[in-house]
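Notes for the one structure printed next.
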Amino acid sequence: MTDPTPDVPESDAVDESVLVAARRAKLLRLRDELKVEPFGSRLDGLIELAQARRLFCEEAHLARELASKAARDAAASGAPVASGAPVTQLPDARVEVRVAGRVVQHRDMGKIVFAWLRDASGDLQVSVSKSEVDSLSFELAKMLDYGDIISIEGRVGRTQRGEVCVWAASVTMQCKSVEPPPGKWHGLHDAEVRYRRRYVDMSANPETMRVFEARSRILQSIRRFMDGRGYLEVETPMMQSLAGGAAARPFVTHHNALGMPLFMRVAPELYLKRLLVGGMRRVYEINRNFRNEGVDRSHNPEFTALEAYEAFGDYHTMLELTESLIHGLAVEAAASSAAASSASADANSAQAVTGQPRLPFGDLSIDYSRPFARVTYRELFTRALGFPVEDTAAVRAKAAADHIEGAGTKNSWLLVNELFERHAEALLDPARPTFVLDYPSAISPLTRPMRGNEAIAERWDLFIAGMEIGPAYTELNDPDIQRAKLTEQLAGADVEESTFRSLDEDFLTALQVGMPPAGGMGLGIDRLVMLLTNSQSIRDVILFPLMRPVGASLATPQGGTE
RNA sequence: GAUUGCGUAGCUCAGUCGGUAGAGCAAGCGGCUUUUAACCGCUAGGUCCUGGGUUCAAGUCCCAGCGCAAUCACCA
């Protein structure tokens, strides 16, 4: 190689749009001409923009206005200034602050520059007057681009129009942005770009930031609630040699050193139950499950679930726990949205005060007041279908009429459940959280049958806004029945299912050691966050939802067929 | 996996019956010391998702592919 390779390939510069080129030119100018480091360094003593806004004091502002006007008049009249001090050294009661943020608006008026900064707490204007800052600071202020991150030292005042702002004493570049951001006014609407490049979404759309802040607070509240009830938070394997605990297709991966396949877990259930065997009385886990299924508005292949088990509890224990948890979360959400809309005494805030939490969800207004609605499976089934679950002939006839596969051959209970999902769930009031209780045992292999009515499993499912939020069970702790049910379930598996399903012998051994009677519960956290933040898609509450790669070729591992 | 819709400048969007690619904001240059989607003048900016086809002529019509969205299927 005889040609020296330039630091920056020429081709990059050629391909760049004029927008990027303009920003790169400014980057060079900062370094070469202004001798400024464009990417900043540690900064202590920063306060949030919202906090700086709260430090505004009208009296201090007015006093400062009077003092500087007097000084200007004196200078204009040629009279000697009494104090002899320049304006910048007059007493000034306005609070001094140091703030930083991303530039989201920029107006260069010639000898004064206005810019809006944004941080997670909100937006705040900064004003840079040529007569009040050093020449470097002013030059920086003039050459700002939308997207740059700067810090400002100055005093909190306001403009003639009443806009609270920081009047800069100095301006420092903290990070030059080289990538053109989306438009300042319309923001970023393209759902695809919002999900693929969430960082742009977050800085361009403050609502997005609010949703994920809310998600974080919700998770904190859940942990506080569970901890308060004496539950211990644990973490169990997400890579398992057997994927059990749910009838879902797992993702398969491979451990090189051990030379063995591994499954991403579809549920933590079998491990959490082992902990009950081990002696933990109340355990919960909040973590990811992975299911190799389709993607839609309420499904992401990896999703966050809460699972909780309480020794010596049952499904009624878990119902009270769940109802209390979700009610509490809804009250908090209603209160914080009421606080957000502050002074306006709208319906929501009034209801929050009276403990009647009502939260909007799309076109619905969901009422989370206690108690949630309850209905039994068989009651709902009969109401929807017009015949009871035991009427096998009617079940088969209706299944055939609905063109359900295997209407004549399948186990009647499986048909019952198909019919239930098609017809009965639609009867539930989407605006009222509803517990559906007492499912057929035949479709609940990990659930203890009701004593005295073996056909019914002590299980409920919670539905809100038409979504299944989570189930709960009185757990089965008879090892022999458990083995029989799991074996029976395996026997019904098709060819594909049998490649990833097998009997978890160690789990059965654990049950033989002995698990106390227990209640268990699972909650889909993403769906719950959707409800509490009025988000219509699960992708709006997952920071980085799964997207197909674009442009780059897909990796095709061996065995990749079809 | 199926069906339908969408893909045009950095962003938000127009683009008529198939006839030279448009606007606002953003960008560059100039002006302006209190702006509030600032304003005024000038300038530049396009793989119309990709690849084929029909046609004298395709952003527009047809076919295939890619991505996204909605609905469905899968899914304790």
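Below, read A as the first sequence line, B as the second, and so on, with proteins coming before strands; counting in each chain starts at 1.
A 3.5 Å limit on both hydrogen-bonding distances identifies B:G5 as the Watson-Crick or G-U partner of B:C68. Pairing for B:C29 is with B:G41, a Watson-Crick or G-U wobble pair whose two hydrogen-bonding atom distances lie under 3.5 Å. The pairing partner recorded for B:U36 is none, the criterion being a Watson-Crick or G-U wobble arrangement whose two distances lie under 3.5 angstrom. Pairing of B:C11, defined by two Watson-Crick or G-U wobble distances under 3.5 Å, is identified with B:G24. Searching all strands for a Watson-Crick or G-U wobble partner of B:A57 with both distances below 3.5 Å returns nothing. Judged by Watson-Crick or G-U wobble contacts below 3.5 Å, the nucleotide B:G18 has no partner.
In this structure, A:E132 atom CD and B:U34 atom P are separated by 13 Å, rounded to whole Å. Spacing between atom CZ of A:R24 and atom P of B:G28 amounts to 15 Å, rounded to whole angstrom units. If you measure from atom CD of A:Q125 to atom P of B:U34, you get 13 Å, rounded to the nearest angstrom. Atom CZ in A:R196 sits roughly 8 Å away from atom P in B:G67 (whole-Å rounding). The interatomic distance linking A:Y146 (OH) with B:A27 (P) rounds to 10 Å, in whole Å. Distance A:Q105 CD to B:A26 C1': 11 Å, rounded to the nearest Å. Between the P atom of B:G10 and the CZ atom of A:R197 lies a distance of 12 Å, rounded to the nearest Å.
Non-hydrogen atoms lying under 4.0 Å from RNA chain B are contributed by A:T159, A:Q160, A:R161, A:E163, A:W167, all within residues 156-171 of chain A.
Nucleotides B:C29 and B:G18 are separated by 40 Å at their C1' atoms, to the nearest Å. The gap from the C1' atom of B:U12 to that of B:G53 amounts to 33 Å, rounded to the nearest Å. For the C1' atoms, the distance linking B:U54 with B:G1 amounts to 32 Å, nearest Å. Between B:C13 and B:G30, the two P atoms lie 33 Å apart (nearest whole Å). A distance of about 24 Å separates the P atoms of B:A69 and B:A76, rounded to the whole Å. One P atom belongs to B:G46, the other to B:A23, and the distance between them is 14 Å to the nearest Å. With P as the reference atom, B:G31 and B:C48 are 37 Å apart, rounded to whole Å. Spacing between B:C6 and B:C49 at atom P, rounded to whole Å, works out to 12 Å.
Evaluation of the side-chain contact (heavy atoms from CB on, under 4.5 Å) rule for A:M109 yields A:I112, A:F114 as partners, not counting sequence neighbours. Applying the ring-ring contact (aromatic ring centres under 6.0 Å, His included) criterion to A:F381, with sequence neighbours excluded, gives A:F387. Under the side chain to side chain donor-acceptor pair (under 3.5 Å) criterion, A:D190 pairs with no residue at all, not counting sequence neighbours. Every residue two or more places apart in sequence or in another chain that forms a ring-ring contact (aromatic ring centres under 6.0 Å, His included) with A:F435 is listed here: A:F372, A:W460.
Classification of A:E58 and A:R94 as a salt-bridged pair fails, no side-chain N sitting under 4.0 Å from a carboxylate O. We find that A:R274 and A:D504 are joined by a salt bridge, their nearest charged nitrogen and carboxylate oxygen being less than 4.0 Å apart.
In this structure, A:F263 has its ring center no closer than 6.0 Å to that of A:F500. In this structure, A:Y439 has its ring center under 6.0 Å from that of A:Y377.
To the nearest 0.5 Å, the span separating CG on A:N534 from CZ on A:F361 amounts to 6.5 Å.
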(message) So if I define the base as every atom that isn't primed, P, OP1 or OP2, how would nucleotides 69-76 of chain B read as a B/S/- string at a heavy-atom cutoff under 4.0 Å?
(response) SSS-BBBB
(message) Strictly under 4.0 angstrom, non-hydrogen atoms only: write out the protein contact profile of nucleotides 39-51 of chain B, one letter per nucleotide from the 5' end, B, S or -.
(response) -------------
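In the model, A:R527 has a side-chain atom that pairs as donor or acceptor with a side-chain atom of A:H299 under 3.5 Å.
Counting heavy atoms from C-beta outward, A:R265 and A:T236 have side chains that approach closer than 4.5 Å. With a 4.5 Å cut-off on side-chain heavy atoms, A:D314 and A:P517 do not count as touching.
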Pairs under 3.5 angstrom only: tabulate donor-acceptor contacts from the side chains of residues 442-450 of chain A to other protein residues two or more places apart or in another chain.
unit_1: A:S444; atom_1: OG; unit_2: A:P440; atom_2: O; d: 3.2
unit_1: A:S444; atom_1: OG; unit_2: A:R459; atom_2: NH1; d: 3.1
unit_1: A:R448; atom_1: NH2; unit_2: A:E458; atom_2: OE1; d: 3.3

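Screening A:R118, A:R102, A:R53 against A:D123 for a salt bridge (charged side-chain N to carboxylate O under 4.0 Å, His left out) leaves a single residue, A:R118.
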Each nucleotide N or O in nucleotides 5-9 of chain B that has a protein N or O under 3.5 Å away: list the pair and distance.
none

Using a cutoff of under 3.5 Å, can you pull out all pairs of nitrogen or oxygen atoms linking the protein to nucleotides 11-14 of chain B, with atom names and distances?
unit_1: B:C11; atom_1: O4'; unit_2: A:G183; atom_2: N; d: 3.2
unit_1: B:C11; atom_1: O2'; unit_2: A:G183; atom_2: N; d: 3.3
unit_1: B:C11; atom_1: O2'; unit_2: A:G187; atom_2: O; d: 2.9
unit_1: B:U12; atom_1: OP1; unit_2: A:H189; atom_2: N; d: 3.1
unit_1: B:U12; atom_1: OP1; unit_2: A:D190; atom_2: N; d: 3.3

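For A:K111, no side-chain nitrogen or oxygen approaches OP1 or OP2 of B:G31 to under 4.0 Å.
Residue pairs meeting the salt bridge (Lys or Arg N to Asp or Glu O under 4.0 Å) criterion with at least one partner in residues 537-549 of chain A, sequence neighbours excluded, are A:R194-A:D540. Applying the salt bridge (Lys or Arg N to Asp or Glu O under 4.0 Å) rule to pairs touching residues 296-308 of chain A yields A:R288-A:E302, sequence neighbours excluded.
The minimum heavy-atom distance between A:D119 and A:L49, with the atom names listed, is OD2-N, 2.9 Å.
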(request) Go through A:T376 and A:D438 one step at a time and tell me if the side chain to side chain donor-acceptor pair (under 3.5 Å) criterion holds. (result) CA-CA 6 Å; A:T376 65; A:D438 301 337; 5.8 Å; no
